[in-house]
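Structure first, then comments.
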2 protein chains.
Amino acid sequence: MNFKTPTNTALYSIEEAIKAYRKLSQHNISQIVPNITVDQALILLILENNDKTQTEVADMVFKDYASMTRIVKLMVSKDYLIKTVDNQDKRKAKLEITKNGKTILEKLKPMIQRNREVALNNVSHEELEQMYKTLNKITQNCKSKK
Amino acid sequence: MNFKTPTNTALYSIEEAIKAYRKLSQHNISQIVPNITVDQALILLILENNDKTQTEVADMVFKDYASMTRIVKLMVSKDYLIKTVDNQDKRKAKLEITKNGKTILEKLKPMIQRNREVALNNVSHEELEQMYKTLNKITQNCKSKK
DNA sequence: TGAAAATATTTGATATATCAAGTAATTTTC
DNA sequence: GAAAATTACTTGATATATCAAATATTTTCA
């Protein structure tokens, strides 16, 4: 067994796909709402129906807690989020979406939907399920072993 | 058709997988060579056998040219790369790996190999090929349409 | 109960991502 | 053959990523 060319590995193609998807998404949502990022939109989606703590959201969007602190600060300043101290546990920060955030989100939803459809055009349901399974295997492999 | 929960989309699991893999890789190569990033190691691999221009490398590792400028600057200062003006076309920057870079790379290779094996543990060849095809579809979809 | 450990978040430092604007070399075009 | 367009990069500004260290609160446990 020899050392594979780095550009021929499966993991390289994962990176390629996600970068292409991010570029498409960012390009398209910027047309609708300039000045919001793909990740910020994802955070709004997650908070749309229920409030969550900052750490919960960070885990869901795979962000480092330090990054999350800064992203939240920006989102609060843009009037997308409200951040308050959790009364049950004062260490925690409760995040909720603002009215403005909801408005923005409604404007963005059709485009988010469209981006997904464009990305997955011509990919069958079975194909997608299969990819999903394989990716989960990889994720679990990486998380369990060191 | 309704709006899918963002955390249940295929693209979310792509993101999850690549982040888990990056974390594993960075953790493990840092044990061998502190102070080098996964992407820097990938750049060394790409330059191992042939010199390339800065833009060529940037395209291969999916980096923005501005980012590439800064990454290269760091890698030159760490004595991983030599950067010279291309004599045929003086706009171009020729990148080549240093002797030190090669030494580092040899030290890292077994771990890079191991990371790939860990990530792909229990993933069959057919499964991998299938995922590769699906990912390529997604990449092409994102690149062609707007 | 009170000290130690754990949890949730913040801040600082440095690296990378991204966009826009700028520079220098090369190519194209009329 | 010179102006205009293109290419390959650089720089500045701002956002995000990551690690380490710090703070405040809560939990655990001897």
Side-chain angles (χ1 to χ4, degrees), chain A residues 15-16 18-31 33-43 51-78 80-81 83-95, chain B residues 15-16 18-31 33-43 51-78 80-81 83-95:
Chain A
E15 186 91 36
E16 186 175 19
I18 199 69
K19 292 241 179 173
Y21 179 62
R22 284 190 154 271
K23 191 161 277 182
L24 170 80
S25 298
Q26 188 63 62
H27 175 268
N28 285 346
I29 76 167
S30 292
Q31 312 279 76
V33 180
N35 213 21
I36 191 169
T37 69
V38 172
D39 286 325
Q40 288 176 6
L42 177 58
I43 291 169
D51 303 348
K52 296 198 181 302
T53 69
Q54 190 167 303
T55 302
E56 282 171 342
V57 176
D59 288 338
M60 293 179 80
V61 297
F62 317 121
K63 297 285 176 195
D64 185 89
Y65 302 133
S67 291
M68 196 65 198
T69 294
R70 281 138 185 160
I71 294 170
V72 166
K73 189 167 292 177
L74 278 172
M75 291 182 76
V76 167
S77 77
K78 286 187 200 167
Y80 294 157
L81 295 184
K83 176 175 183 168
T84 49
V85 173
D86 183 306
N87 275 328
Q88 261 59 54
D89 185 338
K90 288 176 184 170
R91 290 170 303 185
K92 296 181 180 173
K94 187 180 82 175
L95 299 182
Chain B
E15 187 90 36
E16 186 175 20
I18 200 70
K19 292 241 178 172
Y21 180 62
R22 284 190 155 271
K23 191 161 277 182
L24 171 80
S25 299
Q26 188 62 62
H27 175 269
N28 286 347
I29 75 168
S30 293
Q31 313 278 77
V33 178
N35 213 18
I36 192 169
T37 68
V38 172
D39 286 325
Q40 288 175 7
L42 177 57
I43 290 169
D51 303 348
K52 297 201 180 299
T53 68
Q54 190 168 304
T55 302
E56 282 172 342
V57 176
D59 288 337
M60 292 178 81
V61 296
F62 316 122
K63 297 284 176 198
D64 185 89
Y65 301 133
S67 291
M68 196 66 198
T69 295
R70 282 141 185 159
I71 293 170
V72 166
K73 188 167 294 177
L74 278 171
M75 292 182 75
V76 167
S77 77
K78 287 187 200 165
Y80 294 157
L81 295 185
K83 176 174 182 169
T84 49
V85 173
D86 183 306
N87 275 328
Q88 263 59 54
D89 184 340
K90 288 174 184 171
R91 291 169 303 184
K92 296 181 179 173
K94 187 180 82 175
L95 299 182

Straight-line distance of A:M60 CE to B:E16 CD, nearest 0.5 Å |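 Atom-to-atom, A:M60:CE and B:E16:CD are 11.0 Å apart.
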
Looking at CG of B:D39 and CZ of B:R22, how far apart are the two atoms once the value is rounded to the nearest 0.5 Å?
->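 These two atoms lie 4.0 Å from each other.
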
Checking all strands, does [X] fall into the base, sugar-phosphate, or nothing category for heavy-atom contacts under 4.0 angstrom?
X     : answer
B:K83 : sugar-phosphate
B:A66 : base
A:D64 : base
A:Q40 : sugar-phosphate

From the set [options], return the single nucleotide nearest to any side-chain atom of [X].
X     : options                : answer
B:L74 : D:dT16, C:dT16, D:dT10 : C:dT16
B:R91 : C:dC19, D:dA8, C:dA17  : D:dA8
B:R70 : D:dA17, D:dT16, C:dA17 : C:dA17
A:D89 : D:dT26, C:dT10, C:dC19 : D:dT26

Rounded interatomic separation in angstrom, taking [atom1] from [X] and [atom2] from [N]:
X     : N      : atom1 : atom2 : answer
B:D39 : C:dT14 : CG    : P     : 20 Å
A:N35 : D:dA13 : CG    : P     : 18 Å
B:D59 : D:dA8  : CG    : C1'   : 11 Å
A:Y65 : C:dA6  : OH    : P     : 16 Å
B:I36 : D:dT18 : CD1   : P     : 17 Å
B:F62 : C:dT16 : CZ    : P     : 17 Å
A:E56 : C:dT7  : CD    : C1'   : 13 Å
A:K78 : D:dT14 : NZ    : C1'   : 10 Å

[N], OP1 or OP2 - any side-chain N/O from [X] closer than 4.0 Å?
X     : N      : answer
A:K90 : D:dT26 : no
A:S67 : D:dT16 : no
A:Q26 : C:dC19 : no
A:K63 : D:dA17 : yes
A:K73 : C:dT11 : yes

For the base of C:dT16, is there a side-chain donor-acceptor partner from B:R22 under 3.5 Å away?
->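 Absent.
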
Taking all non-hydrogen atoms of both residues, which atom of A:I29 and which atom of A:A41 are closest, and how far apart?
->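 Closest approach of A:I29 to A:A41: CD1-CB, 4.4 Å.
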
Look at the side chain of B:K78 and the backbone N and O of B:N35, then say whether any donor-acceptor pair between them is shorter than 3.5 Å.
->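 Side chain of B:K78 to backbone of B:N35, a donor-acceptor pair under 3.5 Å: yes, one is there.
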
Test item: B:Q31 side-chain N/O and B:Q26 main-chain N/O as donor-acceptor pair under 3.5 Å |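 Between the backbone of B:Q26 and the side chain of B:Q31 there is no qualifying donor-acceptor contact (under 3.5 Å).
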
Could you go step by step and tell me if A:K19 and A:K23 meet the side chain to side chain contact (heavy atoms under 4.5 Å, CB included) rule?
-> CA-CA 6 Å; A:K19 292 241 179 173; A:K23 191 161 277 182; over 6 Å; no

Let me know, please, whether B:M68 or A:K94 comes out on the 5' side of the other along DNA chain C by nearest nucleotide.
->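 So the residue in question is A:K94.
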
